[in-house]
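The shown structure was predicted, so the numbers you read here are calculated from the model rather than taken from an experiment. Atoms within a ligand are numbered from 1 in the order they appear, just like the ligands themselves.
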Amino acid sequence: MNVNVVGSGYVGTTLAACLAEMGHEITAIDIDESVVATINEGRAPLHEPGLDELLAEHVGTRLQATTSYADLADADLTFLAIGTPSRSDGSIDLGPLSAAAEMVGEALSGLGGDREHLVVVKSTITPPGLDRVREALATGLGDVAGAVEFATNPEFLREGTAVSDFRNPDKIVFGTESASALATLEELYAPLIESTDSPIVRTDPETAMLIKYANNAFLATKISLANDLGNVSKEFGLDAYEVMEAVGLDDRIGEQFLRSGVGWGGSCFPKDVNALIFSAREVGYEPPLLEAAVEVNDRQPERLLALLDEHVDVAGERVAVLGLAFKPGTDDVRNSRAIPLIEGLLERGATVVGYDPVATETMREVFSDTEIEYADSAEDALAGASGAVVATDWDEFAALDSEFDAMAEPVVVDGRRIIERREGITYEGLTW
Ligand SMILES: NC(=O)C1=CN([C@@H]2O[C@H](COP(=O)(O)OP(=O)(O)OC[C@H]3O[C@@H](n4cnc5c(N)ncnc54)[C@H](O)[C@@H]3O)[C@@H](O)[C@H]2O)C=CC1
Ligand SMILES: O=C(O)[C@H]1O[C@H](OP(=O)(O)OP(=O)(O)OC[C@H]2O[C@@H](n3ccc(=O)[nH]c3=O)[C@H](O)[C@@H]2O)[C@H](O)[C@@H](O)[C@@H]1O
């Protein structure tokens with residue numbers, strides 16, 4: 001099939017590359033010229049394992065990127081994979097997605113005769129917000145609004161494993177309003193459905209989006225519960241990992257997303273849980289459990305710094321922050337737990353030295369070189385430091401050993417249970 005993917009971020013680029021891999025003809029559209037140029041060179045505009053290889057294989061044959069909406073109507077369907085960032089009140093900013101929907105509508109307004117087109121929202125957007133996107137699309141379409149159908153197809157991939165998650169989904173959710181829209185999506189995904197046996201959930205567009213929010217809210221709350229129980233374990237002098245490993249053996253609970261520590265970050269859990277809380281309040285419901293999940297998460301970085309305070313007064317001292325990305329495998333620092341840790345250290349008057357294998361450049365946009373130092377290796381970050389805090393569980397941190405010997409005061413507070421305890425360091429785990 002011939003497919004447009006509007007928005008070439010983590011989701012859009014992964015979608016475009018994986019659909020090309022499935023044999024479809026893809027046009028990736030982004031307003032950012034540098035993103036488009038990078039994709040057309042056969043490289044990913046962001047760090048995501050496996051994506052460069054897929055793009056190198058398919059760009060120029062089954063996939064090309066452009067900033068132009070001009071040929072949109074030539075395709076069978078158009079995905080919208082535009083960001084839906086948080087506002088300060090927790091609601092999502094529908095501006096970029098609505099603007100893109102209107103531009104798509106305008107580009108499709110030339111559709112004539114019996115041509116039909118399906119517009120599929122891939123972005124995560126609360127059910128009440130969908131009408132605004134429908135309206136924006138209809139405004140752009142004008143007279144031919146009837147020739148375009150509307151659907152949602154929420155995405156469940158994780159950053160850092162986006163390509164493999166897309167290829168092996170736990171479920172595929174289609175939110176459609178007609179049998180023909182559903183048939184189009186099933187035809188598009190047929191190669192994936194056949195190769196993976198993934199269960200298909202067929203529902204309406206709004207329910208599909210609430211499934212997405214409920215999914216993320218459940219996972220974030222699961223981690224917050226693990227953190228709450230982890231804090232209790234620590235106060236009892238017990239190891240939360242030993243406890244939760246046993247708890248996870250219960251099939252009804254499951255072993256995943258029970259790793260306690262400095263909490264959840266990223267572009268989605270914080271944004272989506274807060275958006276769900278905001279939307280629930282708008283219709284008159286206060287969701288106490290979701291609010292508590294956010295509160296527990298917000299407190300974890302300060303708990304970590306309080307542990308550091310017990311061992312060292314960091315005012316005027318160098319402190320290493322190991323890991324800047326919100327999780328390993330990505331250069332994304334959006335809502336990374338490293339950010340409140342760095343802020344707390346700066347408030348204490350520390351000189352912060354950050355290190356991350358891939359996220360230094362993205363963190364430079366949050367903290368400039370005048371605010372914090374960036375090291376080229378964990379070894380350089382640790383040298384001369386009077387304390388180290390661990391914000392991201394990059395594998396390479398597990399191998400650190402003699403590097404700690406160069407610290408001025410070898411106090412290590414681990415927020416991710418990645419550092420090996422060893423002789424010669426004062427080691428504190430956040431929940432163990
Ligand atoms: N990042 C993730 O792991 C996941 C994200 N999602 C959801 O998918 C959506 C997209 O997220 P990301 O890919 O992370 O966003 P992103 O911020 O990485 O990428 C969005 C892209 O859209 C482009 N863009 C903005 N306005 C445009 C326009 N009018 N026309 C064309 N391009 C335009 C931007 O230049 C940018 O490249 C969000 O709603 C997010 O919640 C869902 C599942 C996973
Ligand atoms: O909607 C989205 O964007 C995506 O959000 C999450 O994916 P992602 O944010 O990429 O990463 P996760 O692996 O879920 O990790 C999120 C945060 O939780 C933290 N985490 C995760 C697992 C755990 O046991 N403990 C824990 O603290 C991670 O360190 C990270 O900061 C979901 O897992 C995806 O299914 C979803 O599609």
Side-chain angles (χ1 to χ4, degrees), residues 4-15 28-36 38-39 45-46 48 65-69 79-86 92-104 107 121-126 129 136 153-162 165-166 169-171 209 212-213 215-220 222-227 230 241 244 248 255-273 275 297 300 323 325-330 332-338 391-393 415-418 430-431:
N4 304 311
V5 178
V6 179
S8 301
Y10 289 87
V11 170
T13 312
T14 305
L15 175 70
I29 296 145
D30 203 285
I31 45 171
D32 186 326
E33 282 176 15
S34 68
V35 163
V36 166
T38 307
I39 293 176
L46 36 93
E48 198 55 62
T66 176
T67 53
S68 166
Y69 278 63
F79 278 99
L80 286 165
I82 305 289
T84 45
S86 269
I92 48 172
D93 181 359
L94 287 176
L97 179 59
S98 300
E102 190 168 338
M103 286 159 81
V104 167
V121 176
K122 197 62 163 156
S123 305
T124 302
I125 152 170
T126 51
N153 170 221
E155 182 52 59
F156 298 89
L157 62 76
R158 292 162 298 172
E159 285 179 29
T161 49
D165 285 350
F166 188 91
D170 287 334
K171 57 183 173 272
M209 276 304 160
K212 170 68 194 171
Y213 276 97
N215 217 90
N216 272 0
F218 195 100
L219 291 170
K222 191 177 181 188
I223 301 169
S224 278
L225 180 56
N227 283 336
Y241 275 67
M244 297 315 272
E255 63 187 4
Q256 294 193 58
F257 280 61
L258 291 178
R259 289 180 61 84
S260 54
V262 74
W264 33 271
S267 66
C268 290
F269 281 173
K271 163 174 84 73
D272 292 351
V273 179
N297 198 55
Q300 290 308 90
F326 84 96
K327 60 181 271 190
T330 180
D332 197 344
V333 300
R334 289 179 285 183
N335 278 305
S336 168
R337 299 293 79 196
T392 318
D393 39 343
R416 295 291 184 191
R417 201 182 178 92
I418 188 74
L430 184 49
T431 57

*Do any N/O atoms on Lys327 end up under 3.5 angstrom from N/O atoms on ligand 2?*
yes
*Name the closest protein heavy atom to atom 3 (O) of ligand 1, giving the residue it belongs to and the distance to 0.1 Å.*
Glu159 CG, 3.3 Å
_I'd like to check whether Thr84 has a polar contact with ligand 1, where a contact means an N/O of the residue lying under 3.5 Å from an N/O of the ligand._
yes
*Please work out whether any backbone atom (N, CA, C, O) or any side-chain heavy atom from C-beta onward of Ala99 is under 4.0 Å from ligand 1, and answer side chain, backbone, both or neither.*
neither
*Between Leu157, Leu80, Ile82, flag the one that comes closest to atom 9 (C) of ligand 1 by a heavy atom.*
Ile82
*asked:* Check for me whether Gly265 has a heavy atom closer than 4.0 Å to any atom of ligand 2.
replied: yes
*So, does Arg259 use its side chain to make a donor-acceptor pair with the main chain of Arg416 at under 3.5 Å?*
yes
*When you measure from atom 25 (N) of ligand 2 to every protein heavy atom, which one gives the shortest distance, and what is it?*
Arg259 O, 2.9 Å
_Quick check: Asn216 and ligand 2, any N/O pair under 3.5 Å apart?_
yes
*Using heavy atoms and a threshold below 4.0 Å, how should the contact between Thr124 and ligand 2 be classified: side chain, backbone, both, or neither?*
neither
*Out of Lys271, Arg334, Glu102, whose heavy atom is nearest to atom 41 (O) of ligand 1?*
Lys271
*asked:* Under 3.5 Å, is there a donor on one side chain and an acceptor on the other for Asn215 and Lys171?
replied: yes
*Could you tell me whether the side chain of Val273 reaches within less than 4.5 Å of the side chain of Tyr213, counting heavy atoms only?*
no
*asked:* Give me the nearest non-hydrogen protein atom to atom 15 (O) of ligand 1 as residue plus atom name, then the distance to 0.1 Å.
replied: Gly83 CA, 4.1 Å
*N or O pair under 3.5 Å between Tyr10 and ligand 1*: yes
*Can you tell me which residue and heavy atom of the protein come closest to atom 10 (O) of ligand 2, and the distance to 0.1 Å?*
Glu159 N, 2.7 Å
_Contact check: Lys212 vs ligand 1, nitrogen or oxygen atoms, below 3.5 angstrom_ = no
*asked:* Closer than 4.0 Å to some heavy atom of Gly263 - which atoms of ligand 2 meet that?
replied: 27 (O), 31 (O)
*Which protein non-hydrogen atom lies closest to atom 18 (O) of ligand 2, naming both residue and atom, and how far is it?*
Trp264 CB, 3.4 Å
_Please work out, at 4.0 Å between heavy atoms, whether the side chain, the backbone, both, or neither of Arg416 comes within that distance of ligand 2._
side chain
_Checking a contact table here: which protein heavy atom is nearest atom 20 (N) of ligand 2, and how many Å away?_
Ile223 CD1, 3.5 Å
*asked:* Under 4.0 Å, counting heavy atoms only: does Lys212 come that close to any atom of ligand 2?
replied: yes
*Under 4.0 angstrom from ligand 1, any heavy atom of Cys268?*
yes
*Can you find an N or O of Tyr69 that's nearer than 3.5 Å to an N or O of ligand 1?*
yes
*Examine ligand 1 and decide if any of its atoms is less than 4.0 Å from a heavy atom belonging to Glu33.*
no
*What part of Thr124, side chain from CB on, backbone N/CA/C/O, both or neither, has a heavy atom under 4.0 Å from ligand 1?*
both
*What's the shortest distance from atom 6 (N) of ligand 1 to any protein heavy atom, and which residue and atom give it?*
Val11 CG2, 3.5 Å
*Would you check whether Asp30 has a nitrogen or oxygen atom less than 3.5 angstrom from a nitrogen or oxygen atom of ligand 1?*
yes
*Looking only at side chains, do Thr392 and Lys327 share a donor and an acceptor under 3.5 Å apart?*
no
*Could you tell me whether some N/O pair between Glu155 and ligand 1 is separated by less than 3.5 angstrom?*
no
*Protein contact to atom 25 (C) of ligand 1 [nearest heavy atom, distance to 0.1 Å]*: Ile31 CD1, 3.8 Å
_Carboxylate-amine/guanidinium contact Arg158 Glu48, below 4.0 Å_ = no
*asked:* I want to know if ligand 1 touches Phe156 in the polar sense, i.e. an N/O pair below 3.5 angstrom.
replied: no
*Identity and separation of the nearest protein heavy atom to atom 33 (O) of ligand 2*: Arg158 CG, 3.2 Å
*Report yes or no: does a heavy atom of Gly266 sit under 4.0 Å from some atom of ligand 2?*
no
*Quick check: does Phe326 get an N/O under 3.5 Å from an N/O on ligand 2?*
yes
_For atom 4 (C) of ligand 2, the option (of Leu258, Thr330, Leu157) bearing the nearest heavy atom_ = Leu157
*Report the member of Gly9, Ser86, Ala275 with the shortest heavy-atom distance to atom 19 (O) of ligand 1.*
Gly9
